[in-house]
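First the structure, in the form of structure tokens, and then the observations on it.
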Amino acid sequence: SQYFAIIGKDDNPVYEAEFSGKLGPQGQIQGFPQDLKELNPFILHASLDIIEDLQWQPNLSLQGGAAGSGGSGGFLRSRNNTNASNCYLGKVDHFYGIIITAYLTYSGMKFVMLHGNSVSTTVQIDDNNVKSFYQDVHELYTKTILNPFYNVGDPISSASFDSRVRALARKYLG
Amino acid sequence: YIPSKIYSESILYKKQQVSL
Amino acid sequence: SLKIIGDEIWKNKTEKINAELFAMTYGSIVSQLCQDFQRDYKKVNDQLFTMGYNIGVRLIEDFLARTAMPRCEDMVRTAEVISKCAFKIFLNISPQVSNWSPNKEAFSLIFPENPLSEFVELPMDATKDLWYSNILCGVMKGALEMVQLDCDVYFVSDVLRSEQQTEIRVKLNKVLRDEIPI
């Protein structure tokens, strides 16, 4: 399962969605267990500081990759981000077995996602798929803010935006 | 997909110019 | 020949600007009006029409100076001039003329594309009342009035409202003969 949110400049969730995991053995959709469901926004919120550290640190490649080695778990911006758009931050944090990835838009909106639906087993994530998901959502987000009737920072209530984000989750996140 | 003009069209603007 | 005139003037005698700037500017005007009129979309439609009318009564001068177009002998010619020349020169689009009334005094302009409404998605409560591009009707009303054609110009449908096509209807009420110079 994933819990995805777009966070605005005031740490306000502009969009939230939960993508349920694969079908369980009895064929039921394995979403987050109820207790985790409530916890997700807090886990996500706890990683905002690390994301802002990464957001504001000078460009890694200028420092020869000497990223601030602080931070638990060593989840730092992937050193090999050679492409120009270094919006994708990769794994930025974890909460027990739950991995947190993040992505920054050019205007500083934070796309953050929790991967994994239990604190015991650490989930594996495919960086390329996750990055592609974020990039395609970034394009949807760009189209949203070009609409003159959308005030930047307002919650995104468009049902077509939501349906397209969920389609991207099915496409890239399994 | 829920039909939507802005999300289904390319973001690259079709008509690049209009008269000043 | 009208198409050739329109294309030639667009290509060689028209100062151009980026269409996104135009779309974004117009979008900010409409969304501001919606805010000012507290989402009373009928008032927004009227305001856009009035703004368009004030543009149209001036723009006709520019259009005739640019094209040296002689007086149109009937509405069929007028419709062709509007669609093949005026819209081409100012918006680089050529709406098609259709749905003529039997007496050839009313027609529709069908817009396959509309540079005003790029990037636009109407808010849910606007989809049944707001004519987003209503400024166009005002421009045509004003311009036609200056050439002694008293017309009703109004939107019939708009793809922004999830309707089949974007259609503006132009209906001649009367030719203002008394204003025609001797």
Side-chain angles (χ1 to χ4, degrees), chain A residues 4-10 12-19 84-85 87-88 103-112 132-172, chain C residues 17-45 47-49 51-52 91 111 113-136 138 155 158-164 166:
Chain A
F4 172 62
I6 297 179
I7 306 294
K9 295 185 181 55
D10 309 326
N12 54 314
V14 160
Y15 172 79
E16 295 177 275
E18 183 189 308
F19 311 128
S85 81
C87 301
Y88 179 54
Y103 181 98
L104 290 165
T105 70
Y106 298 109
S107 54
M109 298 299 281
K110 301 180 186 77
F111 294 0
V112 194
S132 302
F133 169 79
Y134 276 127
Q135 284 170 335
D136 285 8
V137 172
H138 190 183
E139 181 174 347
L140 289 179
Y141 176 73
T142 306
K143 292 177 176 181
T144 303
I145 58 177
L146 284 174
N147 178 7
F149 291 106
Y150 172 73
N151 299 316
V152 178
D154 281 0
I156 299 175
S157 54
S158 155
S160 39
F161 177 85
D162 182 56
S163 86
R164 279 164 169 71
V165 170
R166 291 181 184 283
L168 289 172
R170 282 194 295 277
K171 177 178 174 186
Y172 289 116
Chain C
I17 51 158
N18 175 285
E20 290 196 21
L21 169 67
F22 174 69
M24 304 296 266
T25 306
Y26 184 69
S28 60
I29 290 171
V30 178
S31 60
Q32 184 63 49
L33 287 176
C34 292
Q35 216 171 312
D36 296 352
F37 288 114
Q38 278 104 30
R39 309 173 87 85
D40 179 339
Y41 295 114
K42 289 188 174 29
K43 281 195 186 136
V44 175
N45 292 338
Q47 185 62 32
L48 287 172
F49 190 93
M51 290 162 74
L91 293 182
F111 292 79
E113 54 190 329
N114 176 0
L116 286 170
S117 65
E118 283 299 328
F119 313 120
V120 173
E121 188 131 280
L122 296 183
M124 290 310 282
D125 65 334
T127 46
K128 61 184 186 308
D129 293 326
L130 178 64
W131 292 117
Y132 182 84
S133 308
N134 212 33
I135 201 166
L136 295 178
F155 262 100
D158 186 348
V159 295
L160 283 182
R161 299 161 61 132
S162 311
E163 287 158 346
Q164 274 312 307
T166 300

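Here is the naming used below: chain letters follow the sequence lines, and residue numbers restart at 1 for every chain. Below, each value reflects all heavy atoms present in this structure, side chains not excepted, and no hydrogens, waters or symmetry copies.
- A:L146 approaches C:M24 most closely through the heavy-atom pair CD2-CE, 3.4 Å.
- Closest non-hydrogen pair, A:N147 versus C:V120, comes out as OD1-CA, 3.8 Å.
- By the 4.5 Å heavy-atom criterion applied to side chains, C:M124 and A:S157 are not counted as neighbours.
- Using a 4.5 Å cut-off on side-chain heavy atoms (C-beta onward), A:Y150 and C:F119 make no contact.
- Heavy atoms only, all atoms of each residue included: C:S28 and A:P148 are closest at N-CB, 4.3 Å.
- Separation of atoms CG (C:L130) and CZ (A:F149) is listed at 5.5 Å; rounding is to 0.5 Å.
- Only the side chain of A:S158 comes within contact range of chain C, judged by heavy atoms closer than 4.5 Å.
- Residue contact with chain C, scored on non-hydrogen atoms closer than 4.5 Å, is absent for A:T144.
- Of the atoms belonging to C:I29, not a single heavy atom falls under 4.5 Å from chain A.
- By the neighbour-count criterion of 12 heavy atoms within 6.0 Å, atom NZ of C:K42 is sparsely surrounded, having that number or fewer from other residues, nucleotides or ligands.
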